[in-house]
Amino acid sequence: MVATLKAPGQPRAILGLILGAAFGFGLVVALRAISGLEIFQTEQTGYPHVIVPAITGPIGYLIGIGCFDYWFRWASGAPTIPDDHSQHGAHSWRDYFKFNTDHKVIGVQYVCTTFVFFLIGGLIAMIMRAELAQPGTQIVDPGLFNGLFSTHAAFMIFLFVIPVFAGLANYVLPLMIGAPDMAFPRLNALSFWMLPMAGLLFLGSYLAPGGAFDAGWTGYAPLSTGAPLGQSFFNLGVQFAGASSVATALNFLVTIVTMRAPGMNFWRMPLLVWANLSTSLLVVGATPFIAGVQFMVLFDRAIGTNFFQAAAGGDVISYQHIFWFYSHPAVYIMMLPGFGIVSEVISTHARKTIFGYRLMALALLGIVVLAFAVWAHHMFVSGMFGWLRVPMMMTTLLIAVPTGIKIFSWVATMFDSKLHMENTSMLFALGFVVTFLLGGISGVMLGMIPLDIHVSDTYFVVAHIHFVLFAGSVFTIFAGLYHWFPKMTGRMYDERLGRWHFYGTLVGMLGTFIPMHWIGMEGMPRRVADYAAQFGDWNLVISIFSFVLGAAQLIFIYNMIVSWRYGPKAGDNPWRAKTIEWLVSSPPPVFNFDEIPRVVGGPYEYGVPGARHAIMHSGEEGAEVPKPKPAVVGATGGGGGGSK
Amino acid sequence: MKDMTRATALKLLGVAVLMTIVISVVMVNINWLGMDGSTEKGPIITLLNVMIVLSAAVFSVVLTAMIYAIWKYRAKPGDEGDGEPIHGNTRLEIIWTAIPTVIVLFAGIYSTIILNDIEAEASNQMEVDVTAQQYAWRFDYPEQGVTSNELHVPSGTQLELHLNSLDVIHSFWVPEWGIKRDLVPGSDLPGSDEIDNVVRVTPDVEGTYSVVCTELCGWGHATMRAAAVVESQQDFDAWAKDQPKIPDGNVSTGAAGGHGAGVYSDQVSK
C-alpha cells in the first residue's frame with residue numbers, strides 16, 4: 001500500500017490531487033484568517049478557497065503521476081539514473097495510464113484522451129441540437145444552453161483539435177525524421193498530463209455555483225469578468241491546455257531543428273514535418289497571449305484589478321485584441337497540421353510526389369507570417385478604431401493565396417497518378433479538399449468588411465467555422481488516424497466500416513452546416529437558445545442531420561476499438577509509402593531504429609526509377625557512404641545530429 | 001497533365017465555365033440576405049452577388065479538375081504501379097499564385113469602395129441614442145427630446161445611432177437593414193473616444209422589424225429584441241409627440257447624455 005503510494009502512478013497522482021487541493025484550501029483559509037478577512041468569500045466572482053485549490057490540486061496530480069520526479073531529484077542534487085528507461089515504452093494497457101516518456105506511448109495517450117473529449121464535446125452538441133430542433137425552450141433552459149455551447153467549443157478547440165494533432169505528430173514525427181524520440185521526452189510527458197487536468201477543470205465547472213462557464217469560448221469581457229464561478233474554471237483550464245501546447249511546440253521545434261537524421265535537409269522533410277514546424281512557430285508566438293488574457297480576466301474577477309472594467313478606467317475592447325491575437329493564429333494551429341496530413345495521405349494513395357513541394361512548404365510559412373496580421377477581422381463590428389479594418393481585411397484576403405496554392409497543388413498531384421480511392425484515409429483527404437474549399441470561400445466572404453457587418457455573429461459564422469474546423473480539421477484528423485492506424489497498432493481497420501463512417505460523416509456534415517449559412521444570412525444570430533419561428537424548419541433539418549453526423553462517429557469508435565483488438569495484422573508498410581515511419585516495424589521498436597537511418601532523397605519519390613528516401617541499414621545495397629556516428633539512444637538521447 | 005492534350009484541357013475549361021454559369025445564375029437569383037430594407041443593404045447584396053460569381057468560378061475549376069482526375073486516374077484493381085514522377089511546373093504554380101492574388105485584391109478594393117459607400121454621411125441626419133442593458137433596449141431621441149423602448153424612424157432619413165451599453169457588450173442589428181455594431185460599455189466615458197460608437201443607416205422601406213442583439217450577453221441574449229418601426233415622416237412626428245420626455249437621469253450617449261455632449265460626438269464621428 002505504502003509502496004504503491006510512493007511509486008509514481010495513478011494512486012499517488014490521486015493522492016497528490018487531494019493533498020494539493022487541501023494545501024491550497026488550507027493556505028487560503030489560513031491567510032484570510034490571519035489577515036482578519038471573512039474566511040469564505042463567496043461573492044459571485046470571488047471564491048478564492050475554490051480557485052486556489054483548482055490550481056494546486058492539478059499540480060499535485062502532476063507531481064503524483066511522476067512528471068517531476070527526475071527533475072526534483074536532479075534539482076536537489078540526489079543521484080539520477082541516467083539510463084533508466086523504465087518509463088519508456090508500453091508493455092501492457094496499464095502503461096498507458098502511467099507517466100511515460102516514449103513519444104509513441106504519449107502519442108497514443110494523446111489521441112485516446114482527446115477522443116474522449118471529442119465524444120464529450122459531441123454529446124454536448126447533440127443536446128444543443130435537440131434543444132434547437134424547435135423554437136422555444138424544451139429540454140435545457142437558456143442559462144444552461146449558454147454553458148453548453150461554451151463548453152462544447154472549449155472541449156473541441158482546446159482539448160480535441162489542437163492536442164489531437166500534437167498527439168498524431170508526437171507519434172509519427174520523430175519516426176519521419178529518423179529520431180529515436182522527441183528532444184525532451186519528460187517535457188513531452190508533462191505536456192500530455194496537463195490535458196486531463198484542463199478537462200477536469202472544464203468539466204468541474206458544471207459543479208460550480210452558477211453553472212458551467214457560459215460566456216462563450218471567446219469569453220468576452222465584461223460578460224466574463226462578471227460571470228459566476230464557472231468562468232474561473234475556464235480561465236484556469238486554458239492555462240493548463242495552453243502550457244501543454246506551448247511545451248509541445250517547443251519540443252517539436254527543437255526536435256525538428258536538431259534531431260533530423262543525417263541527410264534530411266529541409267527540402268527532404270515530409271510536408272507533415274513542415275506543417276508541424278509552422279504550427280509550432282504559431283503556438284510559441286501566439287499561445288502566451290491567451291494565457292495572459294485569461295489571467296487578466298481571472299485577476300479582474302478574483303483580486304479586483306481593472307483591466308477590462310470600463311467604469312474603473314479599463315479598456316473593454318482590448319480584451320478582444322489580445323484574445324484574437326492568439327485565437328486567429330489558433331485557427332491555423334488547428335489547420336496547418338491537417339494540411340500536412342492531407343499531403344502525406346494524397347501523395348501516398350495517389351502514388352505520386354506532391355506537385356510543387358517547395359511552394360507547398362513555403363505556403364505554410366506564408367500562412368504563419370500572415371496569421372499574425374489578421375486578428376482584427378474578428379472585430380469589424382466591435383467598435384474598435386475604424387482605420388484598422390481595411391488593412392486587416394487586405395491581409396485576411398491575402399491568406400487565401402497560400403491556401404489556394406495548397407488546394408491547387410493537391411488537385412494537380414492527382415493528375416497522372418494512380419488513385420487508390422478504396423482507402424478511407426484517401427476519402428477523408430479528398431472530401432477535405434472540397435469541403436475546405438467551401439469553408440475557404442465563406443472565409444473570404446467573411447473577410448470582406450461590408451458582408452461581415454451583415455453576417456457577423458450570425459449562424460453564417462457558425463457554418464463557416466464548422467466547415468473549416470469540422471469539415472476541415474476533423475476530416476484531416478480522421479484521414480491521419482486511418483492512415484497511421486496500421487503503424488500505431490500493427491493491425492488493419494475495417495475499410496468497409498471506414499467508408500460507412502466517411503459517407504455518414506460527409507452527409508451529416510453537409511446537411512448540418514450548409515443550411516446554417518442560409519439562416520445566418522437571413523437573420524438568425526448565433527449563440528441563441530431560442531429563435532424566431534421563421535427559422536424553425538431549417539433548424540429541424542439541421543438537427544436531424546446533426547444526429548446522423550453524431551451516429552456516424554459511433555461507427556468510427558467501434559471500428560477503431562475492435563480493429564485494434566482483433567484486426568488482421570497489417571504488415572510494416574501496407575500503403576507501400578516512402579517516408580521513414582513506414583520503413584520500420586508496426587508498431588515500431590521502443591527506440592524506433594536499431595541504427596539511425598540516412599536520408600538520401602525526397603520523401604515522395606513515387607515513380608522515379610531507383611529513387612529512395614532513406615537507407616535504413618548500413619549493410620543495405622546503396623549504403624556505401626561511411627556509416628554515420630551511431631546516436632546515443634536513450635530517453636535523453638540526441639538524434640543522429642542535424643543535417644548539413 | 002503529361003498525356004493531356006490541348007483539346008482535353010479546353011474541354012475541361014468549358015465544363016468549368018458552364019458550371020460557373022449555372023451555379024452563378026442559380027445562386028445570384030436566390031435572395032440570400034433577406035429583405036433589402038435600407039439604402040446600405042443594396043450595395044452589400046451587390047457585393048455578395050459579385051463574390052458568388054467569383055467563388056463559383058474558383059469552385060468550378062477545382063471541382064472539375066478533381067472529378068476529372070478521379071475519373072481518369074483511378075488505379076485499376078491490382079495495379080501496384082506508381083504515378084508519373086512529375087514534381088511541379090513553375091509556370092502553372094506562378095499562374096495559380098497570381099490569379100488568386102488578383103481576385104482577392106479586387107475583392108479587397110471593391111469591398112473598400114462599398115464600405116465607403118455604405119458609411120457615407122448624408123447631409124441630413126437624425127440622431128438616436130441607443131442604450132442597451134441586459135436584456136432590453138432604450139432609444140432616446142435628443143432632437144425630439146423623447147424616449148422609447150421601440151425604435152421608430154422616418155423612412156428615408158439617415159439615422160446617426162449613438163451606441164452605449166450599461167453593462168456588458170451587446171450588438172445592434174436589424175437584419176433587413178444590414179448594419180451591425182457592438183454597443184460597448186463605457187463608450188460615453190471621457191477618454192473613450194477610440195471606441196467607434198456611431199453607426200449610420202438609412203431605412204427606406206416602411207414596416208415593422210426587429211432590433212436583434214447579436215453579441216452574447218447572458219441568459220436572456222436570445223430574446224433581447226425590440227421592435228423597429230419604419231414609417232412616414234408624418235406618422236413618426238405624430239408618434240414622437242406621444243412619447244415620454246427623456247428623464248434628466250438617463251445615462252445615455254451624445255447630446256442627451258450630458259457627458260460633454262457635443263464635443264464628444266464630434267470626436268467619434270471623425
Side-chain angles (χ1 to χ4, degrees), chain A residues 142-143 146 215-216 220 222-223 310-311 316-317 350-353 355-357 359 381-383 385-386 390 393-394 397-398 400-401 404-405 407-408 411 414-421 434 437 441 444-445 448-451 453-454 456-458 521-523 525 527-530 606-608, chain B residues 1-2 32-34 43-44 47-48 51 55 59 62-63 65-66 69-70 73-75 79 81-88 93 96-97 100-101 104 107-108 111-112 114-115 118 168-169 171 175 178-182 184-186 189 194-197 212 214-219 221-223:
Chain A
N146 289 358
Y220 275 15
L223 184 63
V316 173
I317 293 180
R351 308 216 50 77
K352 188 159 168 287
T353 185
F355 193 92
Y357 164 89
L359 193 60
V381 299
S382 69
F385 23 83
V390 170
M393 167 173 70
M394 289 300 184
L397 297 179
L398 279 175
V401 175
I405 288 173
I407 288 178
F408 299 136
V411 174
M414 294 165 65
F415 277 74
D416 291 309
S417 69
K418 302 263 187 190
L419 288 173
H420 289 264
M421 300 288 293
V434 177
L437 176 64
I441 286 171
V444 169
M445 291 181 174
M448 301 164 75
I449 303 165
L451 277 174
I453 289 174
H454 179 69
S456 170
D457 281 314
T458 66
M521 287 192 284
E522 260 185 62
R527 293 172 163 172
V528 288
D530 192 5
Y606 295 97
V608 182
Chain B
M1 276 157 258
K2 191 163 147 266
W32 298 107
L33 297 179
I44 297 178
L47 180 63
L48 176 70
M51 278 319 288
S55 305
F59 180 77
V62 173
L63 209 68
M66 257 185 98
I70 290 173
Y73 299 111
R74 244 183 119 155
D79 183 351
D82 287 342
E84 296 290 333
I86 301 165
H87 287 80
E93 287 167 45
W96 71 44
T97 308
T101 308
V104 298
S111 297
T112 310
I114 298 269
L115 180 69
I118 65 178
V168 300
I169 300 173
S171 198
I179 292 294
K180 183 183 293 131
R181 183 68 63 82
D182 285 4
V184 182
L189 296 175
E194 75 275 21
I195 299 175
D196 187 0
N197 72 331
V212 179
T214 50
E215 187 64 67
L216 176 64
C217 59
W219 59 264
H221 168 57
T223 48

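Residue numbers start from 1 in every chain, and the chains themselves are labelled A, B, ... in the order their sequence lines are given, proteins ahead of strands. Remember, predicted model here, so these are calculated numbers, not experimental data.
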Where is the tightest heavy-atom contact between [X] and [Y], given as atom of each residue plus distance?
X         : Y         : result
Leu189(B) : Ala310(A) : CD1-O, 3.4 Å
Ile70(B)  : Leu419(A) : CA-CD1, 3.6 Å
Ala529(A) : Ala222(B) : N-CB, 3.6 Å
Pro525(A) : Val212(B) : CG-CG1, 3.6 Å
Thr101(B) : Leu398(A) : CG2-CD2, 4.4 Å
Ala69(B)  : Met414(A) : CB-CB, 3.8 Å

Is there side-chain contact between [X] and [Y], with at least one heavy-atom pair below 4.5 Å?
X         : Y         : result
Ile449(A) : Ser111(B) : no
Leu33(B)  : Glu522(A) : no
Leu48(B)  : Met445(A) : yes
Pro222(A) : Pro185(B) : yes

Against chain A, work out which of [options] has the most heavy-atom pairs shorter than 4.5 Å and name it.
options                         : result
Ile169(B), Ile114(B), Ile118(B) : Ile169(B)
Met51(B), Met66(B), His221(B)   : Met66(B)
Ala65(B), Gly34(B), Ser171(B)   : Ala65(B)
Ser55(B), Gly83(B), Gly218(B)   : Gly83(B)

So how far is it from [X] [atom1] to [Y] [atom2], rounded to the nearest 0.5 Å?
X         : Y         : atom1 : atom2 : answer
Phe59(B)  : Leu437(A) : CZ    : CG    : 6.5 Å
Ser456(A) : Arg181(B) : OG    : CZ    : 11.0 Å
Leu359(A) : Trp96(B)  : CG    : CH2   : 8.5 Å
Ile44(B)  : Ile453(A) : CD1   : CD1   : 6.0 Å
His454(A) : Leu47(B)  : NE2   : CG    : 12.0 Å

Just so I understand: if I count every heavy-atom pair under 4.5 Å between each of [options] and chain B, which residue has the most?
options                                    : answer
Gly356(A), Pro450(A), Pro142(A), Gly607(A) : Pro450(A)
Phe408(A), Tyr220(A), Phe385(A)            : Phe408(A)
Gly143(A), Gly386(A), Ser382(A)            : Ser382(A)
Ala400(A), Gly383(A), Gly404(A)            : Gly383(A)

- Message: Does any backbone or side-chain atom of Leu115(B) lie under 4.5 Å from a heavy atom of chain A? Answer side chain, backbone, both or neither.
- Response: both
Under a 4.5 Å heavy-atom cut-off, does chain B meet the side chain of [X], its backbone, both or neither?
X         : value
Asn146(A) : side chain
Leu223(A) : both
Tyr606(A) : both
Val608(A) : both
Met448(A) : both

- Between Lys418(A) and Asp79(B), is the closest basic N to carboxylate O distance under 4.0 Å? yes
- Task: Decide if atom CH2 of Trp32(B) counts as having more than 12 heavy atoms of other residues, nucleotides or ligands within a radius under 6.0 Å.
- Result: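 Yes.
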- Message: As a quick check of understanding, evaluate side chain to side chain contact (heavy atoms under 4.5 Å, CB included) for Phe355(A) and Glu93(B), giving each step before the final call.
- Response: CA-CA 9 Å; Phe355(A) 193 92; Glu93(B) 287 167 45; 3.9 Å; yes
